[in-house]
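Structure first, commentary second.
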Amino acid sequence: DTQGNHVFSNLGDRDAAESSYRHALEVAERIVAEHPANRRARIAVVRSRMRLAEILDQAERIIEIRRTRSGELRSERRALLDRGLPEALELMEEDPEDRAFFHDVQDLYIGLGELAKDESRFEDMRGHAQAIHTLYAEGRLPSPLQAFLLEAWSYHYAQKWDMAVPAWTRVVNQSGGDLEETDSPYPARFLHAQYLGNLSSCAARLDQDAVAITSLEKAVGMLEGLATQSPNDKRVRIQLHMQRVSLAYAYARHAKGEGAAERDAWLGKARERLVAALEARGPAENDTTIGKSLRKRLTSDIEKIDSALGE
């Protein structure tokens, strides 16, 4: 896990992680072959299949690997998950009190959902989401959040915006409720801000400006708090920049349907957010080709708003 699986904090060595997972699976399978009733070894087989499928999924997203091994990786990933799920369900029923293992079953359904997404089988994604929700309804999982996430992504990638908005609303509501019941760990708050951004982007597709703006304002506020807490976290800085710019454009879109005074107020808000996004970018970020392009676009958009406000 720590060598290179991005599901965990890791050292970035994906090849070493894949090799270790293959070795772990080989050892666990050998133990099960010799001792079929050994529950710990059977669980190790399931977990090794699942982790290996995760690392192959990550490999598929690397352009150089995808060009040459995509079909091979996809086939192996499917085989690992298809074999792992029935084994996991059997283990779960054998010991209904092993609550820690229920999360492994959930992870297998998530892996199958991700595979379905990559193959545009969005109905299957919702089927896996329902399976997770059933585990929650049976009291085997503490939260249905992962079920809601699979469902939301299934509509998002299918571009069914009218279904995606209520689905992301369920995600946001559940995620927010989960945060209130815990000490709100840093990663959970970061993910919650991303969910708010996803809800906003889908709402904007349906011209639901109020939903889009409210969601983005909450996301920006949460990310600004995280940026203050951890100013060197690059992921937070990037996400905050994206959400600030999205919020500015949401304000600008909303301004078009307002009277003169209201329009200027909304454009003023848009300008404020764009300036904040521009000023937050450090010298190193602006020196890259992409950074220079982004700076040029932000500057141009601020000038356009200034021109509109001057009319």
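Predicted, not measured: the structure shown is a model, and the values here were computed from it. Hydrogens, waters and symmetry mates are skipped; everything else that's a heavy atom, side chains included, is used.
Annotation: ring pair (Phe, Tyr, Trp, His ring centres under 6.0 Å) contacts involving residues 79-135, sequence neighbours excluded, comprise His133-Tyr136, His133-Phe148. For residues 24-36, the side chain to side chain donor-acceptor pair (under 3.5 Å) pairs, not counting sequence neighbours, are Glu29-Arg49.
For the residue pair Val245 and Ala277, the shortest heavy atom distance occurs at CG2-CB, 3.9 Å. Of all the heavy atoms in Ala204 and Ala212, the pair that sits closest is N-CB, 4.3 Å. When all heavy atoms are compared, the tightest approach of Gly176 to His192 is N-CE1, 3.4 Å. Across Leu267 and Ile305, no two heavy atoms sit closer than the pair O-CG2, 3.6 Å. Of all the heavy atoms in Val236 and Ala227, the pair that sits closest is CG1-N, 3.7 Å. Closest of all the heavy-atom pairs between Ala17 and Ile55 is CB-CD1, 3.9 Å.
Side-chain atoms of Ser230 do not come within 3.5 Å of backbone N or O of Asn232 as any donor-acceptor pair. The main-chain N or O of Val165 is found under 3.5 Å from a side-chain atom of Thr169 such that the two form a donor-acceptor pair. With hydrogens and angles disregarded, a donor-acceptor distance shorter than 3.5 Å links the side chain of Ser48 to the backbone of Ala44. Under the 3.5 Å distance criterion, the side-chain polar atoms of Ser20 are matched with a main-chain donor or acceptor of Ala16. At least one donor-acceptor pair closer than 3.5 Å links the side chain of Thr134 to the backbone N or O of Gln130. Put simply, the side chain of Ser200 never gets that close to the backbone of Leu196: no donor and acceptor are under 3.5 Å apart. Checked by atom type and distance alone, the side chain of Thr214 never pairs as donor or acceptor with a backbone atom of Val211 at under 3.5 Å.
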Acceptor/donor pairs from residues 152-160 side chains to any protein atom, 3.5 angstrom cut, sequence neighbours excluded:
| residue | atom | partner | partner atom | Å |
| --- | --- | --- | --- | --- |
| Ser154 | OG | Arg126 | NH1 | 2.9 |
| Ser154 | OG | Glu151 | O | 2.6 |
| His156 | ND1 | Trp168 | NE1 | 3.0 |

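Among the candidates Glu272, Arg273, Glu217, Arg271, the single residue satisfying the side-chain hydrogen bond (donor to acceptor under 3.5 Å, both in side chains) test with Tyr251 is Glu217. Each of Gln243, Arg235, Arg237 was compared with Gln239 under the side-chain hydrogen bond (donor to acceptor under 3.5 Å, both in side chains) criterion, and only Gln243 meets it.
A search for side chain to side chain donor-acceptor pair (under 3.5 Å) contacts involving Arg22 returns Glu18, Glu76, not counting sequence neighbours. Applying the ring pair (Phe, Tyr, Trp, His ring centres under 6.0 Å) test to Tyr195 and every residue at least two apart in sequence or in another chain returns nothing. Evaluation of the side chain to side chain donor-acceptor pair (under 3.5 Å) rule for Asn38 yields no partner, not counting sequence neighbours. Qualifying salt bridge (Lys or Arg N to Asp or Glu O under 4.0 Å) partners for Lys218, counting only residues two or more places apart in sequence or in other chains: none. Partners of Asp82 according to the salt bridge (Lys or Arg N to Asp or Glu O under 4.0 Å) rule, which considers only residues two or more places apart in sequence or in another chain, do not exist here. For Asp107, the side chain to side chain contact (heavy atoms under 4.5 Å, CB included) partners are Met50, Arg51, Ile110, not counting sequence neighbours. Every residue two or more places apart in sequence or in another chain that forms a salt bridge (Lys or Arg N to Asp or Glu O under 4.0 Å) with Arg140 is listed here: Glu93, Glu138. Remark: Arg42 engages Glu90, Glu94 in a salt bridge (Lys or Arg N to Asp or Glu O under 4.0 Å) (not counting sequence neighbours). Applying the side chain to side chain donor-acceptor pair (under 3.5 Å) criterion to Gln194, with sequence neighbours excluded, gives no partner residue.
Using a 4.5 Å heavy-atom cutoff, the side chains of Leu240 and Leu226 are not in contact. A heavy-atom distance below 4.5 Å is found between the side chains of Ser175 and Leu145. Side-chain contact between Asp98 and Arg39 is present, with at least one heavy-atom pair separated by less than 4.5 Å. Phe190 is not listed as a side-chain neighbour of Asp233, based on a closest heavy-atom distance of 4.5 Å or more. For the pair Leu85 and Leu112, the minimum side-chain heavy-atom distance is below 4.5 Å. Leu135 places a side-chain heavy atom less than 4.5 Å from the side chain of Met92. At least one side-chain heavy atom of Leu80 sits under 4.5 Å from a side-chain heavy atom of Leu25. For the pair Lys269/His254, no side-chain contact is recorded, criterion being any heavy-atom separation below 4.5 Å from C-beta on.
How far CG of Leu56 is from CG of Leu81: 9.0 Å, rounded to the nearest 0.5 Å. Here CG of Leu149 is found 9.5 Å from CE of Met125. Values are rounded to the nearest 0.5 Å. Going from atom CD of Glu123 over to atom CZ of Arg121 covers 11.5 Å, rounded to the nearest 0.5 Å. Between the CG atom of Asp209 and the CG atom of Leu216 there is a distance of 11.0 Å, given to the nearest 0.5 Å. Here the CG-NE2 distance, from Leu278 to His241, works out to 9.0 Å after rounding to the nearest 0.5 Å. Distance check, rounded to the nearest 0.5 Å: CG of Asp57 to CZ of Arg74 gives 8.5 Å.
Two different hydrophobic clusters hold Tyr249 and Trp161 under the rule that ILVMFWY side chains link at heavy-atom gaps under 4.5 Å. Under a hydrophobic clustering in which Ile, Leu, Val, Met, Phe, Trp and Tyr are joined whenever their side-chain heavy atoms come within less than 4.5 Å, directly or via other members, Leu141 and Leu150 fall into the same cluster. Grouping the Ile, Leu, Val, Met, Phe, Trp and Tyr side chains by contacts below 4.5 angstrom, directly or via other members, places Leu89 apart from Val45. Linking ILVMFWY side-chain heavy atoms closer than 4.5 Å, directly or via other members, places Val32 and Leu91 in two distinct hydrophobic clusters. The cluster map of Ile, Leu, Val, Met, Phe, Trp and Tyr, joined by side-chain heavy atoms under 4.5 Å apart, puts Met163 and Leu206 in different clusters.
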(Q) Between Leu108 and Val46, is the side-chain contact (heavy atoms from CB on, under 4.5 Å) condition met? List the steps. (A) CA-CA 9 Å; Leu108 278 162; Val46 169; 3.8 Å; yes
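A salt bridge links Asp118 to Arg77: at least one charged side-chain nitrogen sits closer than 4.0 Å to a carboxylate oxygen.
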